[in-house]
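Notes follow once the structure below has been shown.
In what follows, residues are counted from 1 in the order of the sequence shown.
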Amino acid sequence: MTPVYRQVLGSDFDRLHPNVAWRYSIDSTSNVAQMGTGMLESVYISSALPPPFFWYYGKRNALPSKTSRMVPFTQGHYCYRDEIGRECLAVLRSFDYTTGPRKLNSVLVSGQTGLVDYFGDGPELLYPIEPSVTPAGELLLESGPLRWLGRGPKIGMKGPFATQMKYIEGWDEEHDRFRCDATVRNPMVGEILHFRGWFTVSDVACELRDIPDEAWPLNLVDREA
């Protein structure tokens, strides 16, 4: 199989910084997972949205739950093919707040028309993803408008309700580690949330039977748009 980002980026994948390319070169045949540990220097949740919104999606591991600084975090990358044959990259994140850990889980799928990122246990949210490579060799992910999948509020995701995500990951040569910066914005509210910080990564042996249960959403969703 071909790793999900290489499938979409094609020859541009080779423009990634070598360490970023290494990080995203595993696939469902690699028998390898990647475990990252680091520090989120800033986690921000807008107060403009009602607390029940974040409570609902936070409980379903689709959003971080609170604003804070200097939050230790871990993330695991696991690759597999789902029941309909799509190559998948599951990302299991734990934000280790002093009040207890909160999860942010997603599954990136190489679909029929491109990449789709499913967030939450259900999954609850869907983002179509457009990846690219910056001149500095960073991986840049920009989403189309958010789609709702769960049983939460169902409102049109156009105009003032449009919500889009941007994520950038690169290599910090000075400190010999990765950096990440994720932002979700809405044209009316502005910045809804962000998290940014640094982490290091190592490969670990991982067969299909070793992949954690939460790497699979509760429901198989074939919707990609």
Identify the two heavy atoms, one from [X] and one from [Y], that lie closest to each other, and give their separation to 0.1 Å.
X: N186; Y: I192; result: CB-CD1, 3.6 Å
X: V107; Y: C88; result: CG1-CB, 3.9 Å
X: R81; Y: G85; result: NH2-O, 3.0 Å
X: I129; Y: L108; result: CG1-CD1, 4.2 Å
X: S46; Y: V189; result: OG-CG1, 3.9 Å

Q. When you check the gap from the basic side-chain N to the acidic O, do E41 and R179 get nearer than 4.0 Å?
A.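 Between R179 and E41 there is a salt bridge, with a charged N closer than 4.0 Å to a carboxylate O.
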With hydrophobic residues grouped by side-chain heavy-atom distances under 4.5 Å, do [X] and [Y] end up in a single group?
X: V8; Y: V133; value: yes
X: L139; Y: V91; value: yes
X: V221; Y: V116; value: yes
X: W22; Y: F199; value: yes
X: W198; Y: L40; value: no

Between [X] and [Y], is any side-chain donor less than 3.5 angstrom from a side-chain acceptor?
X: H194; Y: R185; value: no
X: E169; Y: Y167; value: yes
X: E207; Y: N31; value: no
X: S110; Y: E87; value: no
X: S30; Y: D27; value: yes

Sequence neighbours left out, cut at 3.5 Å: what donor-acceptor pairs do the side chains of residues 211-220 make with other protein atoms?
from: N219; atom 1: ND2; to: G122; atom 2: O; distance (Å): 3.0

Q.
R147 vs E224, test: side chain to side chain contact (heavy atoms under 4.5 Å, CB included). Steps then yes/no.
A. CA-CA 10 Å; R147 276 75 159 171; E224 296 180 357; over 6 Å; no
Q.
As a quick check of understanding, evaluate side chain to side chain contact (heavy atoms under 4.5 Å, CB included) for F73 and M39, giving each step before the final call.
A. CA-CA 6 Å; F73 83 109; M39 184 72 70; 5.6 Å; no
Any donor-acceptor pair under 3.5 Å from [X] side chain to [Y] backbone:
X: H175; Y: R177; answer: no
X: S94; Y: D96; answer: no
X: R93; Y: L104; answer: yes
X: T67; Y: I45; answer: yes

(Q) Run the ring-ring contact (aromatic ring centres under 6.0 Å, His included) test on F13 and Y24 for me, step by step, so that the C-alpha distance in whole Å, both residues' side-chain angles and the decisive distance to 0.1 Å come before the verdict. (A) CA-CA 9 Å; F13 187 89; Y24 290 103; 7.9 Å; no
Just how far is it from atom [atom1] of [X] to atom [atom2] of [Y], taken to the nearest 0.5 Å?
X: T74; Y: M35; atom1: OG1; atom2: CE; result: 6.5 Å
X: F119; Y: L125; atom1: CZ; atom2: CG; result: 8.0 Å
X: Y44; Y: L193; atom1: OH; atom2: CG; result: 9.5 Å
X: Q34; Y: S202; atom1: CD; atom2: OG; result: 8.5 Å
X: L92; Y: N61; atom1: CG; atom2: CG; result: 9.5 Å
X: R23; Y: D203; atom1: CZ; atom2: CG; result: 10.5 Å

Any side-chain heavy-atom pair from [X] and [Y] closer than 4.5 angstrom?
X: F95; Y: S68; value: no
X: Y118; Y: S106; value: no
X: V43; Y: Y97; value: yes
X: T37; Y: T200; value: yes

Q | Partners passing salt bridge (Lys or Arg N to Asp or Glu O under 4.0 Å) against D181 (at least two apart in sequence or in another chain) | A |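 Per chain and number, D181 pairs via salt bridge (Lys or Arg N to Asp or Glu O under 4.0 Å) with R196.
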Q. Are there more than 12 heavy atoms of other residues, nucleotides or ligands under 6.0 Å from atom CZ of R69?
A.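 12 or below, so no.
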Q | Residue E173 excluded, over 12 heavy atoms near CD under 6.0 Å | A |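 Enclosed.
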**Q.** Check: W171 ring centre within less than 6.0 Å of F178 ring centre
**A.**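 That pair passes the under 6.0 Å test.
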Q) Do N105 and D121 pass the side chain to side chain contact (heavy atoms under 4.5 Å, CB included) test, and can you show the C-alpha distance, the side-chain angles, and the key distance before you say yes or no? A) CA-CA 7 Å; N105 297 337; D121 294 338; 3.9 Å; yes
Q | Verdict with supporting geometry, V184 and Q164, side chain to side chain contact (heavy atoms under 4.5 Å, CB included) | A | CA-CA 6 Å; V184 177; Q164 294 179 299; over 6 Å; no
Q | Pairwise side-chain hydrogen bond (donor to acceptor under 3.5 Å, both in side chains) hits with a residue in residues 125-136, at least two apart | A |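 Listed once each, the pairs are T134-E138.
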